[in-house]
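Written below as structure tokens is the structure these notes are about.
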Amino acid sequence: MSRRNPMRDEIAIVGLGSTDFSRDSGGTSAAGLAAEACINAIRDSGIDKSEIDGVVGALEPGAPRANEMSTILGLKDITHHSSPMPVAVFGLVDAMTAIFSGQCDTVLLYFAFTRAPWNSRSAAKDPFRSYLGGMMGGGLKAPPMPESIDPSAAYTAWAARYIHEYDVPREDFGRVALNMRANAARNPKAAMKAPLTMEGYLQARMIRDPLCMLDMDIPVDGADAFILTTTEKAKKLTPNPVVVHAATAGMVGSNTEDQLPSLARHGQHVVVEALKDRSDVWTDDIDVFFPYDGFSIITLGWIENMGFAKPGGAGRFMQEHWDDDLGCVMIDGRVPMNPHGGSLSEGASRGTGHLREAVTQLRREAGDRQVHEASTALIGCGGFFFNSQGAVLKRL
Amino acid sequence: MSEVVDDAALVARFPWVQINHDSKHHFRGWLDKQLLINRCDDCSKFHHPPKPICPECWSSNLTPTAVSGSGTVHLAMHLHQGAPAPGVDYAKGAHPVVSVDLDDVPGVRFSSTVIDLPVEEVVIGLPVKLDWVERYGSPFPVFRKRATAGGES
């Protein structure tokens, strides 16, 4: 530990609420999903809604803004509200800093996801989602060119570079997908539970070669919500609250997708350096590991950059720590990787599923996927360019 | 011969990109089939995509400078599905997209497609040169395979 971290263990996550994650939420709007998750989280926390004085809602397409959510839930007076960029830890850090600095005492943090017309055939047929098409295009009169290296295409481009530099087989990416699917089978909320084999992975439809459909997270409708407050207040609610030990965002200053100098230094490296410097536990001490998996290449990056494996060695690492009976990674026979199934199989929640499962595991409420006496969790959230983030959670 | 168009006409010629005061010179270059990369008059460093200042020394004295467009493929992928564009038919085969390390612009890449080459030959390390095709009635920069010393074209 060498960086300032005055918030260490001072903010607790005392409420969890979710919907299921599905490929079709029927007639429920994004606001309806968010409301369900928020109500579940508030009830779970045991805190009365009148005590919520902060609302933080991620800026997801179609999701209600913090002022709308506050109105829907009929909250009282709010002294901090914001709509941070998507990906879970941006919202987490915003909520934490608001509480720690005294802007408010108790925050409702929520994330709602709605499948957009461009990433789901059934969503494309829903007239109530058509307005999202205009939001994504930024008001342009024609669609972007196939050659535009947007963030999602860039992961494929850098995956190709990874294969080129380290001469690794596609099976290394496949292991990420297999791990998530096997874990999702133990998670009732997960969208994709059908068993997956390596043969099945290798035969899956190519989307952007070298990445296939199973390398990309699965668009879903769903929502997650969290209640955060001071650890002092949390201790009055529960003897062993889950606290945020350290959390950070990270990016290199020059982070344009196709101009990144190399895979050797990007946002994940900045996160790892900052998080490690603020945490008194690291990879040897943790009980559950949450490497983000919006694209399989991101997971390989987290495994390597957190220090579990050398560059190019994530596939071999997973193979060496593979539990044949469970069909997934168990690091040193003990530490699972995304036991909820991750974004690839639970659903594309941009890391909120990882955060929720970390808290669930540390509360020791994960049922038949519970890690024995789990006390610490390491989360690597987001990707390479502008949304890398990390957090260490602890059970007090 | 430079094709002079006003700002409104420039925006109309490239409806699929958000052109602004920083990138307008770059896209005017496309109309003249010139690849213009911003170069700092004070520290000589190049940057791309176009920015309001030089990220290296913060100078505002930038000159959009024509470059050859020769280079080497650094990133490559083959799209089996993607955004629509004239001449791109995913049903007939994957569409290659590359990011190219430009020979005469150290540290800068330019991204586009590679034409007139079987998609399986579009791989990292491929030497390429710049060419132009037409997209929606405007010039569009692309790459094609470049002959190297002792190599075949």
Side-chain angles (χ1 to χ4, degrees), chain A residues 118-121 133 136-167 170 173 204-216 252-264 266 295 297 384-385, chain B residues 11-19 46-51 55-56 73-90 93-102 105-115 119-120 122-125 133 135-136 138 140-143:
Chain A
W118 63 86
N119 60 18
S120 154
R121 282 198 187 96
M136 199 63 176
L140 294 176
K141 292 190 180 70
M145 285 292 182
E147 294 80 9
S148 82
I149 308 279
D150 65 19
S152 55
Y155 287 109
T156 308
W158 284 104
R161 188 75 202 180
Y162 179 91
I163 291 169
H164 172 82
E165 286 190 14
Y166 302 118
D167 192 25
R170 280 189 62 220
F173 295 72
R205 187 158 57 92
M206 268 296 171
I207 305 291
R208 307 180 185 106
D209 193 344
L211 296 189
C212 70
M213 203 168 67
L214 299 175
D215 290 300
M216 304 175 178
V252 291
S254 189
N255 51 64
T256 307
E257 290 84 352
D258 58 351
Q259 308 292 326
L260 200 69
S262 78
L263 287 167
H266 50 64
F295 292 91
I297 179 67
F384 296 167
F385 311 114
Chain B
V11 168
R13 294 291 298 272
F14 300 104
W16 63 90
V17 281
Q18 280 177 331
I19 301 179
F46 287 90
H47 72 253
H48 187 75
K51 295 171 181 60
E56 193 70 27
V73 171
H74 190 86
L75 305 174
M77 61 182 154
H78 303 162
L79 304 186
H80 289 248
Q81 63 185 65
V88 177
D89 185 352
Y90 299 102
H95 179 65
V97 174
V98 295
S99 297
V100 172
D101 285 322
L102 298 176
V105 199
V108 168
R109 291 188 199 113
F110 190 79
S111 297
S112 186
T113 188
V114 176
I115 61 165
V119 69
E120 58 273 14
V122 180
V123 294
I124 292 169
V133 295
R135 281 264 180 101
Y136 298 115
S138 294
F140 183 76
V142 296
F143 293 101

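Computed from a predicted model, the values in this text were never measured in an experiment.
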_Using modelled atom types and a 3.5 Å cut-off, is there a donor and acceptor pairing between side-chain atoms of A/Trp158 and backbone atoms of A/Glu257?_
yes
_Side-chain donor/acceptor of B/Arg109 to backbone N/O of A/Leu260, under 3.5 Å_ = yes
*asked:* Using only atom types and a distance under 3.5 Å, with no angle test, would you say the side chain of B/Ser99 pairs donor to acceptor with the backbone of B/Ser111?
replied: no
_Does any backbone or side-chain atom of B/Ala94 lie under 4.5 Å from a heavy atom of chain A? Answer side chain, backbone, both or neither._
neither
_Quick check on A/Ile149 against chain B: is it the side chain, the backbone, both or neither that has a heavy atom closer than 4.5 Å?_
side chain
*Heavy-atom distance under 4.5 Å to chain A: side chain of B/Phe14, backbone, both or neither?*
neither
_Set of side chain to side chain donor-acceptor pair (under 3.5 Å) partners for A/Tyr155, sequence neighbours left out_ = none
*Answer with side chain, backbone, both or neither: which region of A/Ala159 has an atom nearer than 4.5 Å to a non-hydrogen atom of chain B?*
neither
*Among B/Val142, B/Val97, B/Ile124, who wins on heavy-atom pairs under 4.5 Å with chain A?*
B/Ile124
*Closest approach of A/Pro261 to B/His74 (non-hydrogen atoms, all atoms of both residues)*: O-NE2, 4.2 Å
*With only heavy atoms counted, which part of B/His48 is less than 4.5 Å from chain A, the side chain, the backbone, both or neither?*
both
